[in-house]
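Remember, it's 1-based here, ligands and their atoms both numbered in the order they're listed. Fair warning: this is a prediction, and the values are worked out from it, not measured in the lab.
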Amino acid sequence: MQIERTPIEGVLVLTPARFGDNRGFFSESWNRRTLEGAGVNLPEFVQDNHSVSARAGTLRGLHYQAPPHAQGKLVRCGRGALLDVAVDARRGSATYGQHVIVELSAENGKQLWVPAGMLHGFVTLMDDTEIVYKCTDYYNREADGAVRWDSVGVNWGVSDPILSDKDAAAPAFVQWQSPFEAGA
Ligand SMILES: Cc1cn([C@H]2C[C@H](O)[C@@H](COP(=O)(O)OP(=O)(O)O[C@H]3O[C@H](C)C(=O)[C@H](O)[C@H]3O)O2)c(=O)[nH]c1=O
């Protein structure tokens with residue numbers, strides 16, 4: 001397991017070991033004991049999510065669930081490739097409004113740990129890209145929210161992404177009142 005810190009406190013890039021042979025490879029995509037042995041203690045996960053985006057250039061985000069339903073997410077790409085983004089939305093944080101962007105792909109096997117307090121989103125780089133991610137809290141429709149994808153300075157590599165109506169209508173980061181507090 002390779003563990004990389006990022007410029008945003010708490011956001012990690014995790015790369016599980018892969019065991020290749022003449023058939024392909026095997027990898028333990030989630031093992032709490034392995035991570036704890038490396039000093040990484042993630043909260044309990046209660047829900048797994050899986051979405052497929054048919055076309056490259058599909059952008060889902062930037063999303064969050066407000067407290068007390070905030071979600072931490074452990075994200076990986078099951079098929080294809082995507083750029084995954086975490087934006088620090090914790091008021092009072094030294095990196096408030098800053099982001100981390102990481103290419104996750106079926107090929108590189110990388111995972112992004114996105115703690116609660118972040119906005120999360122991704123743009124697909126290939127058709128039929130699948131994302132699978134573990135969440136630390138259950139979906140709560142009333143607590144679910146979005147911030148405009150192009151309002152936090154992320155270089156997504158696309159100018160006219162495929163968006164849901166919800167994402168197309170989301171408020172800009174500067175007009176949005178974050179419900180998250182650093183250290184909460
Ligand atoms: C997130 C979610 C959605 N749904 C239902 C609600 C809608 O009827 C349908 C599509 O939901 P939505 O358009 O919010 O899906 P995404 O745009 O992929 O949203 C997700 O994308 C970004 C990248 C995230 O990090 C979040 O997990 C989540 O916001 O699935 C559920 O039933 N359970 C869920 O946990």
Please tabulate, one line per pair, the protein nitrogen or oxygen atoms found under 3.5 angstrom from a nitrogen or oxygen of ligand 1, with distances to 0.1 Å, or say none if there are no such pairs.
| from | atom 1 | to | atom 2 | distance (Å) |
| --- | --- | --- | --- | --- |
| ligand 1 | 14 (O) | Lys166 | NZ | 3.0 |
| ligand 1 | 18 (O) | Arg60 | NH1 | 2.9 |
| ligand 1 | 19 (O) | His63 | ND1 | 3.3 |
| ligand 1 | 21 (O) | His63 | ND1 | 3.2 |
| ligand 1 | 25 (O) | Lys73 | NZ | 2.9 |
| ligand 1 | 25 (O) | His120 | ND1 | 2.7 |
| ligand 1 | 27 (O) | Tyr133 | OH | 2.7 |
| ligand 1 | 29 (O) | His63 | ND1 | 2.6 |
| ligand 1 | 35 (O) | Gln47 | NE2 | 3.0 |

Study note, to complete from the structure: Hits for salt bridge (charged side-chain N to carboxylate O under 4.0 Å, His left out) against Glu103, two or more places apart or cross-chain, chain-then-number order -> none
Practice item. Specify the closest pair of heavy atoms between Arg79 and Ala106, including all atoms of both residues, with the distance to one decimal. Key: CA-CB, 3.8 Å
Practice item. Name the orientation class of the two ring planes belonging to Tyr64 and Phe180 (parallel below 30°, tilted from 30 to 60°, perpendicular beyond 60°). Key: perpendicular
Review point. Take atom CE in Met1; do more than 12 heavy atoms of anything else shown fall under 6.0 Å from it?
Key: yes
Practice item. Any chance you could pull the hydrophobic cluster mates of Val132, using side-chain heavy atoms under 4.5 angstrom and chaining through other members? Key: none
Review point. Mind checking what makes side chain to side chain donor-acceptor pair (under 3.5 Å) contact with Asp84, not counting sequence neighbours?
Key: His120
